[in-house]
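For the numbers below, each heavy atom of this structure counts, side chains included, while hydrogens, waters and symmetry mates do not. Just so it is clear: chains get the letters A, B, ... in the order the sequence lines come, proteins before strands, and each one is counted from 1.
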2 protein chains.
Amino acid sequence: MQEQGDISQAQLAEKVGASAASCWRRITKLEDAGVLTKTVRLVNADAIDKGLNVFCQVRMKSHDPAARHDFETFIHSYAEVLECYSMSGEWDYLIRAVVGDVREYEALLMEGILTHDAVLTSSSHFALKAVKYTTALPV
Amino acid sequence: MQEQGDISQAQLAEKVGASAASCWRRITKLEDAGVLTKTVRLVNADAIDKGLNVFCQVRMKSHDPAARHDFETFIHSYAEVLECYSMSGEWDYLIRAVVGDVREYEALLMEGILTHDAVLTSSSHFALKAVKYTTALPV
DNA sequence: TAAAAATTGAAACATATCTTTCATCCATCC
DNA sequence: GGATGGATGAAAGATATGTTTCAATTTTTA
């Protein structure tokens, strides 16, 4: 289901060698346990001109909880930011953003991310190619 | 659909203020055009003990196409590696891997990634928290 | 402005879908 | 070893689903 989210329980049952009813019970249990979460439809980034992946490392001026929380809420408001992680080490945050071109990224960085009060420095790195991208966790 | 991949066309129609038939036609067109790709089910990483995100930067010994291609195929074989990008700048690749704990990552790195002939160096960075994670591209 | 082309919505259609029920099977525990 | 609890599969049931058709409307083209 991680690879084919729209598979029917009947097909799934055949694939795993169980009954449809058994699949239904297991899926329901996993949903209730919060293991299986939402179903999403993936979009081809190149097809909608968002094929450029940029990674942005951010260092904060202050590490106090309020500033961090404010920055995290702030970063959530940017649709171009698909991923953001609070990091150990020299950089406080690592962001993955998708844009159509470098100009678009410049705008996101200069008029967006860097305008936040708590941000001290940033360092951007551009992906030349997405070698692998999957949402499926191991087993 | 990027946020709710299992929405029915009837619900979608109501949401966007169009008919179900119209939705069906548009979806079919986007699928045929390769814009809408597969539907996937997301899994709660913490629930299956894969809640630790690690970023690994890799530098290659050689930059020749054969070595790169071989490494990229190699990296595809690791289920823990969810994302891998060929990068500009000082590092050749950036990898995001999910593991249960640091021990598990040590094994992936030492017995996996670093065993590849073309790899020169690597640098790993651990995420303390996933602040934002979405698969939905902007608009 | 008039003709042509494309898009739309409503309804009908056929089908696939999830969900429940029930009897059976298996494993476990006292 | 018998009884209890849990899991299983097959079938039935009700419903929601995708897909097509057709007439009407809108947009484009000449």
(request) Quick one: pull up CZ in B:Phe126 and OG in A:Ser86 and give me the separation to the nearest 0.5 Å. (result) 14.0 Å
(request) Write down the distance between CG (A:Asp6) and P (C:dC18), rounded to a whole number of angstrom. (result) 11 Å
(request) For residues A:Arg96 and B:Tyr85, determine if any side-chain heavy atom of one lies less than 4.5 Å from a side-chain heavy atom of the other. (result) yes
(message) Whether the side chain of B:Gln11 engages the backbone of B:Ile7 through a donor-acceptor N/O pair (distance < 3.5 Å, no angle test) should be reported.
(response) no
(request) Report the relative orientation of the aromatic rings in A:Phe71 and A:Phe74; use parallel for angles under 30°, tilted for 30 to 60°, perpendicular for over 60°. (result) tilted
(request) For B:Leu82 and A:Thr135, run side-chain contact (heavy atoms from CB on, under 4.5 Å): C-alpha distance rounded to whole Å, both residues' side-chain angles, the deciding distance at 0.1 Å, then the answer. (result) CA-CA 7 Å; B:Leu82 266 47; A:Thr135 55; over 6 Å; no
(message) Please report the interatomic distance OH(B:Tyr93) to NZ(A:Lys129), rounded to the nearest 0.5 Å.
(response) 6.5 Å
(request) Specify the residues of residues 7-21 of chain B, ordered by number, for which at least one heavy atom lies under 4.0 angstrom from an atom of DNA chain C. (result) B:Ala18, B:Ser19, B:Ala21
(request) May I ask you to check whether B:Phe55 and A:Phe55 place their ring centres under 6.0 Å from each other? (result) no
(request) Indicate yes or no for a side-chain donor-acceptor contact from B:Gln2 to the backbone of B:Leu137 under 3.5 Å, with no hydrogens or angles considered. (result) yes
(request) Please report the C-alpha distance between A:Leu52 and A:Val98 in whole Å, then the side-chain angles of each, then the deciding distance to 0.1 Å, and finally whether the side-chain contact (heavy atoms from CB on, under 4.5 Å) criterion is met. (result) CA-CA 6 Å; A:Leu52 180 57; A:Val98 293; over 6 Å; no
(request) With a 4.0 Å heavy-atom cut-off, tell me which residues in residues 22-32 of chain A come close to DNA chain D, sorted by residue number. (result) A:Ser22, A:Arg25
(message) Assess the residue pair A:Tyr105 and A:Glu80 against the criterion (side chain to side chain donor-acceptor pair (under 3.5 Å)); give the C-alpha distance rounded to whole Å, side-chain angles, the decisive distance to 0.1 Å, and a yes or no.
(response) CA-CA 9 Å; A:Tyr105 180 69; A:Glu80 298 95 336; over 6 Å; no
(message) What's the angle between the local helix axes at either end of the helix from C:dT1-D:dA30 to C:dC30-D:dG1, using five pairs per end and rounding to 10 degrees?
(response) 40°
